[in-house]
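As structure tokens, the structure follows; a few thoughts come after it.
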Number of protein chains: 2
Amino acid sequence: MARLAVTRPEGAPERGEAQEAILDAAEIVFGESGFHGATTRAIAVRAQANAALIHYYFGSKEALYEAVIARRAGAINDERRARLAELHATGAVTLEALLDTLLRPTISLGRDPSRGGAHYTRVLGHAASGTDERSHRVTSAYYDGIARVFIAEIAAIVPGLSREGAVRGYLNAIAVAISLMAPTGRVQDLSDGTLADDDLEEMLGGAVRFVAAGIRALAAPGSKPGAA
Amino acid sequence: MARLAVTRPEGAPERGEAQEAILDAAEIVFGESGFHGATTRAIAVRAQANAALIHYYFGSKEALYEAVIARRAGAINDERRARLAELHATGAVTLEALLDTLLRPTISLGRDPSRGGAHYTRVLGHAASGTDERSHRVTSAYYDGIARVFIAEIAAIVPGLSREGAVRGYLNAIAVAISLMAPTGRVQDLSDGTLADDDLEEMLGGAVRFVAAGIRALAAPGSKPGAA
DNA sequence: GCTGCTTTTAATCAGGCGATTAATTAAGGA
DNA sequence: TCCTTAATTAATCGCCTGATTAAAAGCAGC
């Protein structure tokens, strides 16, 4: 009964500490184990909360999952839009600047331990690689809008790039960013002991340079006809 | 008792039809739902086999999962090595040819409905984005070896590319290929009705061109020092 | 210090899970 | 034909899951 009033009141929700603790814990557990692998009990234990609180505040495991994504996605996409507006205001719109604007909020969040670190990025990784209805619903609900914006921007700034190419380039950018930010230990395994340093600007710069060159290559002649 | 003799005999295993049917079904269900989301019952139903057969032949759900990956990974990596040897024999080793060699077996498998289509690629997508012990074990057991080979080849063929850059480039190549081959419906959502055609050579060529340009950009000056 | 509300708790539920079992059928060698 | 072994089945086990509930514990306003 009181649940509806708690999850989403009209004025100022003022989410309590317990709810935030549950969201933080859920982010970690969902990131580690995926939706099905995560259990509400494990989330409750990590949040040091009673298991029933999850259903009291969020209604269901699925609703909690969406709440985890909604919390971060809103902040990330707001930051993207703000940076994009700033970019247009200064007039210095380049492909590299666009990609930096697209990737910086996510990667920077992933490097910030005080805001959950890479846990959310791992959740996103699961959602992005999932083909189930839930993953599809979540990605389209929270990321399709911003995707269309950036796809249009990319198509406009790169000469000769088709909309198809812009879509592909955008998806590749996201794939690269997620593989960069949701470390699976693969880099360490393959680097023969030489650990890659994890400086934010270096990671971001590398990803931007890689994707920018890739997108420009998609616009180069030989893109459409079969030039094996 | 007899199980050990069935799963991996010494001479010629000669896997029966039932086992193949289970593997095919498991590939589909694991691909659709991930490891935790899949149930042995759903796999058995799809394979039109009794649920107990899974444990009789494979011992556990987890062992079945590994068997699914082992079956395809072996074939894919054998093909990669053969193509690589052929490439060196003809002497025409370019970055594009290397990437084609790396990606073609996977993408071509993913486009072949008679060999499971994109289902295995979706399984790989889950494993690649997973941070759990099982995903890590599977990827390192079946893909680290071939990864080292191609990383060394890439580092050797691209002037000025560090080993770090080669590792990053390789991982980006895999990320792009998986996002390309494990379609989540995202492309259709973002393409405004203009469906991207799915010609194999065009998909493969686009991915190769994208990744090759990206890798070369990683080797360009400004890669190591902070050139924001 | 009541009273009415929200928050939190412990206990419990029905259902689905992976796994196991014992019994049945099929196949092959002596 | 008989007997051993492999393949297959239906039935069931104990466990863990998400979810529910009724009661207890705070905590305002009066």
Side-chain angles (χ1 to χ4, degrees), chain A residues 1-30 32-68 132-134, chain B residues 1-30 32-68 132-134:
Chain A
M1 293 304 174
R3 188 194 304 151
L4 288 176
V6 171
T7 44
R8 289 272 172 254
E10 32 189 315
E14 197 174 341
R15 190 139 57 190
E17 295 180 14
Q19 299 184 54
E20 289 292 343
I22 290 174
L23 283 173
D24 290 342
E27 191 170 78
I28 295 174
V29 177
F30 281 136
E32 283 175 351
S33 313
F35 178 80
H36 286 292
T39 69
T40 57
R41 279 173 169 83
I43 293 171
V45 166
R46 192 178 279 265
Q48 293 184 294
N50 189 282
L53 274 183
I54 291 176
H55 299 91
Y56 178 74
Y57 281 124
F58 299 96
S60 71
K61 180 187 180 183
E62 183 136 358
L64 171 62
Y65 180 75
E66 285 216 29
V68 165
D132 54 305
E133 195 271 341
R134 175 182 23 259
Chain B
M1 293 303 175
R3 186 194 307 153
L4 287 177
V6 171
T7 44
R8 287 275 172 249
E10 33 190 313
E14 197 172 342
R15 191 140 54 188
E17 294 178 14
Q19 299 183 57
E20 290 291 343
I22 289 174
L23 283 174
D24 291 342
E27 192 170 78
I28 294 173
V29 178
F30 280 137
E32 284 176 350
S33 314
F35 179 80
H36 286 291
T39 69
T40 57
R41 281 173 169 84
I43 294 171
V45 166
R46 192 178 279 264
Q48 292 183 295
N50 188 283
L53 275 182
I54 290 176
H55 300 92
Y56 179 72
Y57 281 123
F58 300 96
S60 70
K61 180 187 180 182
E62 183 138 358
L64 171 62
Y65 180 76
E66 286 215 29
V68 165
D132 53 305
E133 196 270 342
R134 174 182 25 259

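Just so it is clear: chains get the letters A, B, ... in the order the sequence lines come, proteins before strands, and each one is counted from 1.
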Quick one: [X] [atom1] to [N] [atom2], roughly how many Å, whole number?
X: A:L64; N: D:dG18; atom1: CG; atom2: P; answer: 11 Å
X: A:I54; N: D:dT17; atom1: CD1; atom2: P; answer: 12 Å
X: A:I43; N: D:dT17; atom1: CD1; atom2: P; answer: 11 Å
X: B:H55; N: D:dA10; atom1: NE2; atom2: P; answer: 17 Å
X: A:Y65; N: D:dT17; atom1: OH; atom2: P; answer: 19 Å
X: A:F58; N: C:dT7; atom1: CZ; atom2: P; answer: 12 Å
X: B:H36; N: D:dC16; atom1: NE2; atom2: P; answer: 15 Å
X: A:L53; N: D:dA22; atom1: CG; atom2: C1'; answer: 15 Å

First encountered from the 5' end of DNA chain C, between A:N50 and B:E62: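 Mapping each residue to its closest nucleotide by heavy atoms, the 5'-most match is A:N50.
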Sugar-phosphate only, base, or nothing, as touched by A:A38 at under 4.0 Å among non-hydrogen atoms: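 Sugar-phosphate: the residue A:A38, judged by heavy atoms under 4.0 Å, touches backbone atoms but no base.
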Quick check: do [X] and [Y] have side-chain heavy atoms less than 4.5 Å from each other?
X: A:F30; Y: A:K61; value: yes
X: B:F35; Y: A:H36; value: no
X: B:Q19; Y: B:F58; value: yes
X: B:D132; Y: A:E32; value: no

[X], nearest nucleotide to its side chain (from [options]):
X: A:K61; options: D:dG18, C:dA19, C:dT8; value: D:dG18
X: A:A52; options: C:dG18, D:dA6, C:dT9; value: C:dT9
X: B:Y56; options: D:dG18, C:dG18, D:dA6; value: D:dA6

Donor-acceptor pair (no angle test) under 3.5 Å: A:R41 side chain, D:dG18 base: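 Answer yes: a donor N or O sits under 3.5 Å from an acceptor.
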Over 12 non-hydrogen atoms of neighbours within 6.0 angstrom of CD in B:E133: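 Correct, the count exceeds 12.
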